[in-house]
Amino acid sequence: VSAEFERLLPELVKAGVDFILIGGVAGIVHGSARVTYDVDLVYSRAAENIRRLASALGPHSPYLRDAPPALPFSWDEKTIRDDLNFTLTTTLGDIDLFGEISGGSNYNDLLSHSFEVEAFGIHFRCVDLPTLIRIKEAAGRVKDLEAVAELRALFEERER
Amino acid sequence: MKVARIEDYMRDIDRSLLRENLKLTPAQRLEKFVKFRDFTSELRRAGENARQRSVPGKTHRP
């Protein structure tokens with residue numbers, strides 16, 4: 001399901017969820033011309049934030065992506081507390097939530113490498129371009145080679 | 001067999017697309033993508049309908 005991030009991000013912001021946009025949509029913020037179908041977010045593991053995250057996504061039928069139907073999955077504070085990263089499908093599209101990313105960085109680590117974006121009538125934080133490149137490189141996936149190449153080219157173009 | 005490196009991929013990047021995007025604000029880039037995504041969704045739906053119409057006995061979705 002293609003993510004409706006223009007609806008998803010405002011839902012999270014209105015609920016007061018602390019998150020930083022990473023991944024392909026962050027690439028678009030920086031000028032990437034690549035198509036992406038999910039939203040990748042690093043969220044704060046603070047107890048209050050976990051509560052807000054559970055509450056904000058709850059009405060949108062979050063379920064584990066690619067999991068067999070009717071698994072005993074419940075999207076609540078305990079589920080989020082007991083695990084770290086989630087690849088979810090929701091009625092607002094697919095969303096990947098990371099408590100920690102490759103290399104061990106979390107929300108607090110990334111905060112100083114992020115900036116505020118205003119779009120869709122809201123403000124939210126997005127990871128900066130050098131850090132986005134570093135994250136993609138750290139993931140070390142073959143499928144990311146093209147994405148890293150484009151982000152590096154973007155960085156060069158921006159610095160010209 | 002030669003192993004592809006990031007530098008190899010960089011040679012094939014269409015920088016004209018990137019330069020156009022860099023003229024926009026972050027919000028405008030996101031809005032541009034939403035329009036493009038909606039456009040591709042419509043094409044995908046039209047393609048599904050066309051395939052269903054080509055199969056006897058199947059009805060197409062509005």
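To find a chain, count down the sequence lines: A is the first, B the second, and so on, and within it residues start at 1.
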Colleague: Who in residues 68-76 of chain A is close to chain B, using a strict under-4.5 Å heavy-atom cut-off?
Modeller: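 None at all.
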Colleague: Side chains of B:Leu18 and A:Glu150: does their closest heavy-atom pair fall under 4.5 Å?
Modeller: yes
Colleague: Which one of B:Lys32, B:Arg29, B:Glu31 has the most heavy-atom pairs closer than 4.5 Å to chain A?
Modeller: B:Arg29
Colleague: Tell me whether A:Asp66 at atom CG has more than 12 heavy atoms from other residues, nucleotides or ligands lying less than 6.0 Å away.
Modeller: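 Counting neighbours around CG of A:Asp66, 12 or fewer heavy atoms of other residues, nucleotides or ligands fall under 6.0 Å, so no.
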Colleague: So for A:Val142, is it side chain, backbone, both, or neither that comes closer than 4.5 Å to the heavy atoms of chain B?
Modeller: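 Neither part, no heavy atoms under 4.5 Å.
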Colleague: Could you measure the distance from the CE atom of B:Met10 to the CG atom of A:Leu145? Nearest 0.5 Å is fine.
Modeller: 12.5 Å
Colleague: Determine, using the 4.5 Å side-chain heavy-atom cutoff (strictly less than), whether A:Leu41 and A:Ile50 are members of one ILVMFWY cluster.
Modeller: yes
Colleague: Relative to chain A, which segment of B:Ile6 carries a heavy atom at a distance below 4.5 Å: side chain, backbone, both, or neither?
Modeller: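 For B:Ile6, heavy atoms of backbone and side chain both lie under 4.5 Å from chain A.
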Colleague: Output the distance between atom CG (B:Asn21) and atom NE2 (A:His30), rounded to the nearest 0.5 Å.
Modeller: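 NE2 of A:His30 is found 12.5 Å from CG of B:Asn21.
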Colleague: Where do A:Glu6 and B:Val34 come nearest, in terms of heavy atoms and distance?
Modeller: OE2-CG1, 3.7 Å
Colleague: Not counting sequence neighbours, which residues clear side chain to side chain donor-acceptor pair (under 3.5 Å) with A:Glu48? List them please.
Modeller: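 Residues passing side chain to side chain donor-acceptor pair (under 3.5 Å) with A:Glu48: A:Arg51.
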Colleague: Going hydrophobic residue to hydrophobic residue with side-chain gaps under 4.5 angstrom, can you get from A:Val29 over to A:Ile22?
Modeller: no
Colleague: Can you name the residues that form a side chain to side chain donor-acceptor pair (under 3.5 Å) with B:Arg19, not counting sequence neighbours?
Modeller: A:Glu157
Colleague: Strictly below 4.0 Å, N to O, side chains only: are B:Glu7 and A:Arg152 in salt-bridge contact?
Modeller: yes
Colleague: For A:Val35, which atoms come within 4.5 Å of any heavy atom of chain B: side chain, backbone, both, or neither?
Modeller: both
Colleague: Name all residues meeting the side chain to side chain donor-acceptor pair (under 3.5 Å) criterion together with A:Asn106; count only those two or more places apart in sequence or in a different chain, and write none if there are none.
Modeller: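 Side chain to side chain donor-acceptor pair (under 3.5 Å) list for A:Asn106, sorted by chain: empty.
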Colleague: Any link between A:Ile101 and A:Leu129 through a network of hydrophobic side chains (Ile, Leu, Val, Met, Phe, Trp, Tyr) touching at under 4.5 Å?
Modeller: yes
Colleague: Is the shortest side-chain heavy-atom distance between A:Val25 and B:Phe33 below 4.5 Å?
Modeller: no
Colleague: Kindly compute the distance separating CG (A:Leu9) from CG (B:Leu30), expressed to the nearest 0.5 Å.
Modeller: 8.0 Å
Colleague: Does A:Val127 share a hydrophobic cluster with A:Leu8, counting links as ILVMFWY side-chain heavy atoms below 4.5 Å and allowing steps through other members?
Modeller: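 Per the 4.5 Å side-chain linkage, A:Val127 and A:Leu8 are not co-clustered.
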Colleague: If hydrophobic clusters are built from ILVMFWY residues whose side chains come within less than 4.5 Å, do A:Leu12 and A:Phe115 share one?
Modeller: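 Hydrophobic grouping puts A:Leu12 with A:Phe115.
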Colleague: Taking every non-hydrogen pair under 4.5 Å, which of B:Leu22, B:Asp14, B:Asp12 racks up the most with chain A?
Modeller: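 Ranked by contacts with chain A, first place is B:Leu22.
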Colleague: Specify which of A:Ser32, A:Ala153, A:Ala119, A:Ala33 makes the most heavy-atom pairs with chain B at under 4.5 Å.
Modeller: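 Top option by heavy-atom pairs under 4.5 Å: A:Ala153.
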Colleague: Can you name the nearest heavy-atom pair linking B:Ala27 to A:Glu118, along with the distance?
Modeller: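 Shortest heavy-atom separation between B:Ala27 and A:Glu118 comes out as CB-O, 3.2 Å.
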